[in-house]
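Comments concern the structure below.
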Amino acid sequence: MEPSTPPAATHDLWGMEDEQPSTERVFEGESVPSRSETITVRSVAVSIVLGCTLSVVAMKLALTSGFAPSLAMPAGLLGFFIPRLWMQLMDSCEASQLPFTRQENTVIQTCVVACTSIAYSGGFGTYILAMSKHSAEGGVGSDGLNVEEPDIGRMIVFLLLTSFAGILAIMPFRDSLIVHRRLTFPSGTATAHLINTMHTPQGAKQAGQQLAMLLKTLFGTVAWSIFEWFFAGRSGCGFQAFPVFGLGAFRRGFYYDFSMTNVGVGMFCPYKITISMLTGSLVSWGLIWPYIQTKEGDWYPQGLDRDNISGINGYRVFIGVSMILADGLLHMLCILVRTLYAMYKNPQPRQSSNGQPFRCLSVVLDRSASSFDDRRRTQVFLRDRVPATVPVVGYVVLSVISTLVIPQLYTQLRYHHVAFAYIIAPVFAFCNAYGNGMTDMNIATTYGKVSILIFSSWVGLKDGGVVAGLAACAIIVSNVSTASDLMQDHKTGYITLTSPHTITICQVAGTALGCVVNPVIFSIFYSVYNSGAHDDSNSIGPYAKVYRGIAMLAMTEKNGLPKHTMLLCKVFLALALSISVLREVSTHKRWRVLRYIPSTIGMAVAFFVPPTIPVGMALGSAVIYLWGRSDRDDMRLMSPAAACGLICGDGFGSLLSSALTLLKATPPICIMFVARGVNQSLDAFLAAKGMPT
């Protein structure tokens, strides 16, 4: 958010001094386009293509690393260049067309982000997979009532019912959050400034350089993925199993699998997150799990599958879950306290005589308290108004329909369970949107984890409490996540002078597209992973087991779990809580020790995800560090584009290899790394048979 009292003075059209450089003065000669001039055939076509394309990338990330980076920047960047190419093509055909404006760019970005966000809020890598047999294999809670295999038709209907309620729930607070309280919504603000900058001559040149970098890394990564496929003749073959740290470390999971997604994620993540995950992997996979494996037959039965919750996987999941819950609940409590304190310190103003807030000109165009940019943006933003009763009635109607239909989709949830979920969802949605506006932290999944504990314990294990808790989690997360996404997009629209009604229409359209496209993409990936033909079939959806573990934790005490599980959970919960409290106190007190306090979530995630993920992320962080030492300005400008190219390229490469697998194509070569003694024995065997070595 721009400061209200910077130093430089100019004169605005009101005849008063405007004490800051004005963005809107650059576009002062341009009229604000109408809705028909922003929602065009061009913007709709580009939005559909980009939405479907980037949804593949988002789904790949959701199913592997579980990382959910914002695709707003790539969407804004690609949404700038593809229409430019469209215009050049139309000019060559001498066809008439409307000019491409920043408002149309915002429309494309909003629709694309709404579509791709369903890959995360839809829970394809978390609660949808957590219901499946893959996550429930063996142990307690693997009976019929507690298992639901993903079904594409059911997923589409469920998403269409749950993904729009959050939009309606937050709409009555739109003007309050954006105009009156002036929340920053950092991601939305950054995207808006990117779009504003690209529509100036200097910004277009920099955007061209970033796009060139993105395309180079994207096509290079796709080419590498195709090259890798030729050497993966069977399971255990290929560069995905490269023992860079030696075979001893390889047997414990420490190796580099050439996943460009993990490298790209590491380029995005702060150093603290990457180092925390790597530390967590060393502690858990290097020390704790090898020690517990020596207790096989004593602490847990021998011969169990490695994914069985009654075996060593039970320790991995429940210890990791306890640490995540400790940090997440403390974080949520801190945000709620800050939110309530901020609302107490900045109370609502009295409404005008007609009952509509912000209607009087002294509030809308406060010349003494806001800049020219603020007045111009507020004036445009408040032109479109919706009576508060409309979204309220819409939410009630959608809630009633969902209450009647969702129990037919998931019979473990009863009508009163769904009704209660829709009653508490708006409260969570507002709190999350307010906190997201201040901190840019979306903790929708934390609210979801809390709902799992509530609904799973409410229904009980015998009546399908696992599926009931996960389905309720889906309702809460979909509501909470889409509400904060809409507010981020409204902030982008506010700064780019895009009509709020247009933003809402694009959000609804993009969400509807995502509710159909993402289940289709998921079904393609899931059919490949579930067949076991893919080398990563054992690491699909690392968070799925966490969500299922939370549901089990709400209903299970010691029955079916390995020995000392609950004791270890309590120990690590207390440890995680201590670290989180120390971090909050040191942040408040501004202690220097803050930089040395690890991320609790980062360490906890590393307890159950394969070490290959932190290893790849560490490589990405190392690239950023060395790049910054060489040329910091170039790194800041180009690294986001390079990381996006790596992630997108790996997503498309995985889609190509998955398509080849579905077509029954077999790689012609198998490259495998073995110990020296095994290699000598193989050479001797081949020599005895008269075959070349």
Side-chain angles (χ1 to χ4, degrees), residues 64-67 135 139 243-246 248-257 259 262 265-266 269 272-296 298-300 304-328 536 538-550 552-553 561-580 583 596-619 621:
T64 52
S65 68
F67 183 69
S135 299
V244 64
F245 304 114
F250 176 81
R251 283 189 286 269
R252 294 191 177 185
F254 290 92
Y255 59 93
Y256 179 49
D257 61 355
S259 170
N262 296 332
V265 169
C269 282
K272 178 180 288 188
I273 298 295
T274 304
I275 294 173
S276 297
M277 289 188 66
L278 193 59
T279 302
S281 288
L282 292 171
V283 171
S284 57
W285 293 83
L287 298 175
I288 298 176
W289 308 146
Y291 172 76
I292 292 179
Q293 284 176 330
T294 63
K295 303 298 182 180
E296 184 177 6
D298 181 15
W299 287 14
Y300 61 93
L304 294 179
D305 186 87
R306 63 178 180 178
D307 291 329
N308 195 313
I309 204 74
S310 296
I312 191 170
N313 193 50
Y315 296 105
R316 293 172 181 167
V317 171
F318 283 99
I319 290 176
V321 165
S322 64
M323 296 176 69
I324 289 175
L325 285 177
D327 186 83
D536 293 335
N538 289 316
S539 61
I540 176 177
Y543 280 94
K545 291 183 174 62
V546 175
Y547 278 72
R548 191 173 186 89
I550 294 174
M552 294 295 300
L553 196 63
L561 296 180
K563 288 183 180 179
H564 310 304
T565 301
M566 300 309 297
L567 174 62
L568 290 173
C569 284
K570 294 174 183 177
V571 170
F572 280 92
L573 185 143
L575 178 62
L577 195 61
S578 301
I579 295 175
S580 299
R583 184 185 64 245
Y596 303 109
I597 301 176
S599 166
T600 312
I601 292 289
M603 293 188 66
V605 168
F607 271 57
F608 49 81
V609 301
T612 53
I613 293 177
V615 169
M617 291 175 62
L619 178 60
S621 293

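Residues Glu296 and Ile312 have side chains not in contact (no heavy-atom distance under 4.5 Å, counting atoms from C-beta outward). Between Trp299 and Gln293, every side-chain heavy-atom pair lies at or beyond the 4.5 Å cut-off. Within the 4.5 Å cutoff, side-chain heavy atoms of Trp289 are placed close to those of Ile319. The shortest side-chain heavy-atom distance between Val615 and Val244 does not fall under the 4.5 Å cut-off.
Across all their heavy atoms, Gly280 and Ser284 have their closest contact at O-OG, 2.6 Å. Of all heavy-atom pairs spanning Leu278 and Ala618, the tightest one is CD2-CB, 4.1 Å. Across all their heavy atoms, Trp285 and Pro611 have their closest contact at CG-CG, 3.6 Å.
Under the 3.5 Å distance criterion, the side-chain polar atoms of Ser276 are left unmatched by any main-chain donor or acceptor of Pro598.
Atom CG of residue Asp298 and atom NE2 of residue His564 lie 7.0 Å apart, to the nearest 0.5 angstrom. In this structure, Met277 CE and Thr274 OG1 are separated by 8.0 Å, a value rounded to the nearest 0.5 Å. Separation of atoms OG1 (Thr612) and OH (Tyr255) is listed at 5.0 Å; rounding is to 0.5 Å. With values rounded to the nearest 0.5 angstrom, Met603 atom CE is found 9.5 Å from Leu282 atom CG. Taken from OG in Ser580 to CE in Met323, the straight-line distance is 8.5 Å, to the nearest 0.5 Å. Atom CD1 of Ile275 sits about 7.5 Å away from atom OG of Ser621, to the nearest 0.5 Å.
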